[in-house]
2 protein chains.
Amino acid sequence: MMKYKELGLKLTPQRLSILSYLEGNREHPSAEEIHRKVSRKFPTMSLATVYNTLETLKRQGRLTEITIDPDKRHFDPNLEKHHHLICSKCKRIADIQVEFDLALTEEAIQGFEITGSHVEFYGTCPDCRNKETGEVK
Amino acid sequence: MMKYKELGLKLTPQRLSILSYLEGNREHPSAEEIHRKVSRKFPTMSLATVYNTLETLKRQGRLTEITIDPDKRHFDPNLEKHHHLICSKCKRIADIQVEFDLALTEEAIQGFEITGSHVEFYGTCPDCRNKETGEVK
DNA sequence: ATTAATGCAAACACTTTGCAATGGA
DNA sequence: TCCATTGCAAAGTGTTTGCATTAAT
């Protein structure tokens with residue numbers, strides 16, 4: 001379990017349940033997914049609280065926001081440097097733990113100060129590939 | 001000018017003006033930005049028409065949607081393979097015309113069928129860097 | 001006792017939809 | 001003429017905000 005208290009933040013049951021849901025989660029859930037899941041054990045949980053907590057965690061650097069899906073925000077508690085594989089059909093996002101050499105020339109950088117990078121691969125996931133071949137069109 | 005007629009689509013003045021605005025544009029505008037600009041010369045232009053046209057162009061593969069900004073959709077008429085540099089302060093998106101070796105092992109691919117990839121770099125653009133150093137905090 | 005966090009509802013921003021009117025082909 | 005496209009307004013989605021209440025410290 002992440003140490004939340006050490007950050008000088010109040011340790012509410014709501015936050016605890018969001019944290020434990022996120023712990024080790026590799027599914028890049030949206031705020032709404034987190035809310036739905038956590039609501040089961042905590043029916044009064046408000047969506048606003050989910051957003052608040054996510055925002056706080058993001059600011060603390062304990063969470064990354066993934067901007068891959070134009071429809072909704074997704075969150076990633078995996079702090080190790082990694083990249084993503086996105087299924088164009090079902091929108092599933094998988095981690096890809098590979099290091100790439102993304103060296104840039106001075107010219108390419110155009111005067112930017114680079115602070116990070118991220119690679120996304122698009123494709124079709126195994127499940128969706130199976131559905132396609134199995135289907136009679 | 002892109003050949004729109006050849007696609008079997010009606011060549012309306014609205015579409016023509018959107019197309020000419022997009023032609024050679026390297027600013028990755030949002031629908032709203034496109035609408036604002038095009039409205040100057042075409043005051044009755046509807047936002048719905050902008051979205052319609054963008055959707056059509058996207059389906060035709062004459063345009064790519066960039067999912068970098070969680071707040072709004074951005075569109076990129078640059079069809080050459082390229083990547084992006086995003087300013088974390090002002091959200092400006094610049095093209096970066098570099099080829100990377102993004103080879104993946106079978107294992108890393110996790111059964112996906114890869115169809116494309118995209119690299120995004122985060123950082124601070126020259127303008128925002130200047131503002132920072134010039135400012136008295 | 002303090003003060004931050006919660007929950008609700010209302011407000012927001014962006015995008016999509018329904019549909020009658022319009023105008024390219 | 002015909003049917004796709006337009007423009008408007010209304011509806012829809014995801015997210016944020018205001019604020020009184022609650023509860024962690």
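Convention: sequence-line order gives letters A, B, ...; per-chain numbering from 1.
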Peer 1: Please tell me which of the listed nucleotides, C:dT6, D:dT6, D:dT25, lies nearest to the side chain of B:Arg15?
Peer 2: D:dT6

Peer 1: A side-chain contact here means heavy atoms from C-beta on lying under 4.5 Å apart; do B:Tyr122 and A:Ser117 qualify?
Peer 2: no

Peer 1: Base, sugar-phosphate, or nothing for B:Asn52, non-hydrogen atoms under 4.0 angstrom?
Peer 2: base

Peer 1: Around atom CD of B:Glu33, are there more than 12 heavy atoms of other residues, nucleotides or ligands at under 6.0 Å?
Peer 2: yes

Peer 1: OP1 or OP2 of D:dT15 sitting under 4.0 Å from any side-chain N/O of A:Tyr51?
Peer 2: yes

Peer 1: Could you tell me whether B:Lys41 atom NZ has more than 12 heavy atoms of other residues or ligands within 6.0 Å of it?
Peer 2: no

Peer 1: Angle class for the B:Phe100/B:His83 ring planes (parallel below 30°, perpendicular above 60°, tilted otherwise)?
Peer 2: tilted

Peer 1: Is it the case that the base of C:dT3 and the side chain of A:Lys10 share a donor-acceptor contact (distance under 3.5 Å, atom types as modelled)?
Peer 2: yes

Peer 1: Select one nucleotide: of D:dT5, C:dT15, D:dT15, the one nearest the side-chain heavy atoms of A:Lys72.
Peer 2: D:dT15

Peer 1: Quick one: B:Asp69 CG to D:dG14 P, roughly how many Å, whole number?
Peer 2: 17 Å

Peer 1: In whole angstroms, how far is the C1' atom of D:dC8 from the NE2 atom of B:His35?
Peer 2: 11 Å

Peer 1: Please figure out whether B:Gln14 or A:Glu55 has its closest DNA chain D nucleotide nearer the 5' end.
Peer 2: B:Gln14

Peer 1: Tell me: CD of B:Glu65 to P of C:dC14, nearest whole Å?
Peer 2: 15 Å

Peer 1: Respond yes when some side-chain nitrogen or oxygen of A:Thr49 is under 4.0 Å from OP1 or OP2 of C:dA5, and no when none is.
Peer 2: no

Peer 1: Does D:dT16 have its OP1 or OP2 closer than 4.0 Å to a side-chain nitrogen or oxygen of A:Arg73?
Peer 2: yes

Peer 1: Write down the distance between CE (B:Met45) and P (D:dG7), rounded to a whole number of angstrom.
Peer 2: 6 Å

Peer 1: Let's see if you can work this out: which of D:dT6, C:dT16, C:dA5 has an atom nearest to the side-chain heavy atoms of A:Thr12?
Peer 2: C:dA5

Peer 1: Atom CG of A:Leu16 and atom C1' of D:dA24: how far apart are they, to the nearest Å?
Peer 2: 11 Å

Peer 1: Please state how far atom CG in B:Leu11 lies from atom P in D:dT5, giving the value in whole angstrom units.
Peer 2: 11 Å

Peer 1: In whole Å, what is the span from the CG atom of A:Leu47 to the P atom of C:dG7?
Peer 2: 11 Å

Peer 1: Describe the nucleic acid contact of B:Pro70 in one word from base, sugar-phosphate, nothing, applying a heavy-atom distance below 4.0 Å.
Peer 2: nothing

Peer 1: Once you round it to whole Å, what is the distance between C1' of D:dT6 and CG of B:Leu9?
Peer 2: 15 Å

Peer 1: Pick from B:Thr53, B:Thr49, B:Leu19: which one makes a side-chain contact (heavy atoms from CB on, under 4.5 Å) with B:Gln14?
Peer 2: B:Thr49

Peer 1: Considering only D:dG7, C:dG7, C:dT15, which nucleotide approaches the side chain of A:Thr44 most closely?
Peer 2: C:dG7

